[in-house]
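Report on the following structure.
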Amino acid sequence: MKQLLRYISFFLLFALLTITAGCQQKKVKCPFTTITWGDSLEDITALEGGYTEAYDSLYDGTTYVFPKTYDGLEGSVKYSFNAEEKLVALSWMYTAKDSKDLEEAYDKLHSEAEDMLGESGFQFHSDKFSDLASPGDVWYLKEGNVLINTVATEEIQILQYTFLHPDVSEEKP
């Protein structure tokens with residue numbers, strides 16, 4: 001009887017630990033930079049070096065572009081600020097050689113994002129949009145939205161991986 005109680009106790013403890021571990025939310029961490037929302041342009045240039053381009057951001061501030069290799073792919077990272085000079089978007093962009101290269105890059109980064117964030121439950125490239133949209137996905141998180149999207153035309157093949165600050169993120173429709 002004691003041995004049976006010991007097995008039951010062990011089983012209940014194991015079940016409780018498994019359930020508790022499964023309920024913990026994964027920490028969202030941008031994989032292509034160590035820059036965080038509180039960092040300034042000075043912090044970014046200290047990490048990335050000089051920017052190669054600057055232009056008006058979608059958030060009434062400035063976007064700064066730096067060359068950046070991520071996951072073995074040569075691209076660029078864009079840091080976008082709002083009007084108050086607060087960092088609100090981190091984007092890594094890759095220009096693919098062709099549609100096959102774009103698809104392989106998307107599949108790789110999307111798989112890594114799902115490992116980190118879980119399934120999003122919202123894909124642009126679904127049965128509903130299969131012939132109308134390039135592959136893409138959005139994770140609606142309280143820490144800020146994460147997007148992976150592609151643009152494919154005859155002239156250019158682009159993949160963008162973006163982390164948005166909660167202030168500029170939208171709720172799941």
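Just so it is clear, the values below take in all heavy atoms, side chains as well, and ignore hydrogens, waters and symmetry mates.
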Which pair of non-hydrogen atoms, one from [X] and one from [Y], has the smallest distance, and what is that distance?
{"X": "Met116", "Y": "Pro31", "answer": "CE-CD, 4.3 Å"}
{"X": "Trp92", "Y": "Lys68", "answer": "NE1-O, 3.0 Å"}
{"X": "Leu87", "Y": "Asp39", "answer": "CB-O, 4.1 Å"}
{"X": "Lys108", "Y": "Asp71", "answer": "NZ-O, 3.3 Å"}
{"X": "Ala152", "Y": "Gln157", "answer": "CB-OE1, 3.4 Å"}
{"X": "Lys78", "Y": "Thr63", "answer": "CB-CG2, 3.8 Å"}

Residue Tyr51 excluded, over 12 heavy atoms near OH under 6.0 Å: no
Greater than 12 external heavy atoms within 6.0 Å of Gln160's CD: yes
Ring geometry between Tyr64 and Phe81 (parallel below 30°, tilted from 30 to 60°, perpendicular above 60°): perpendicular
Separation of [Y] [atom2] from [X] [atom1] (nearest 0.5 Å):
{"X": "Thr69", "Y": "Tyr94", "atom1": "OG1", "atom2": "OH", "answer": "10.5 Å"}
{"X": "Glu170", "Y": "Asn145", "atom1": "CD", "atom2": "CG", "answer": "7.5 Å"}
{"X": "Thr153", "Y": "Ile158", "atom1": "OG1", "atom2": "CD1", "answer": "7.5 Å"}
{"X": "Thr95", "Y": "Ile156", "atom1": "OG1", "atom2": "CD1", "answer": "5.0 Å"}
{"X": "Leu41", "Y": "Thr62", "atom1": "CG", "atom2": "OG1", "answer": "8.5 Å"}
{"X": "Leu73", "Y": "Met93", "atom1": "CG", "atom2": "CE", "answer": "13.0 Å"}

Test: Glu104 and Lys100 ion pair at under 4.0 Å: yes
Any side-chain heavy-atom pair of Thr33 and Tyr70 under 4.5 Å: no
Hey, does the side chain of [X] reach the backbone of [Y] with a donor-acceptor pair shorter than 3.5 angstrom?
{"X": "Trp37", "Y": "His165", "value": "no"}
{"X": "Trp139", "Y": "Gly118", "value": "yes"}
{"X": "Thr52", "Y": "Val65", "value": "yes"}

Partner residues of Ser40 under the side-chain contact (heavy atoms from CB on, under 4.5 Å) criterion, sequence neighbours left out: Glu42, Asp43
Same cluster (ILVMFWY, side-chain, under 4.5 Å), Leu159 and Val151: no
Counterpart residues, ring-ring contact (aromatic ring centres under 6.0 Å, His included), relative to Phe163 (two or more places apart): Phe32, Tyr161
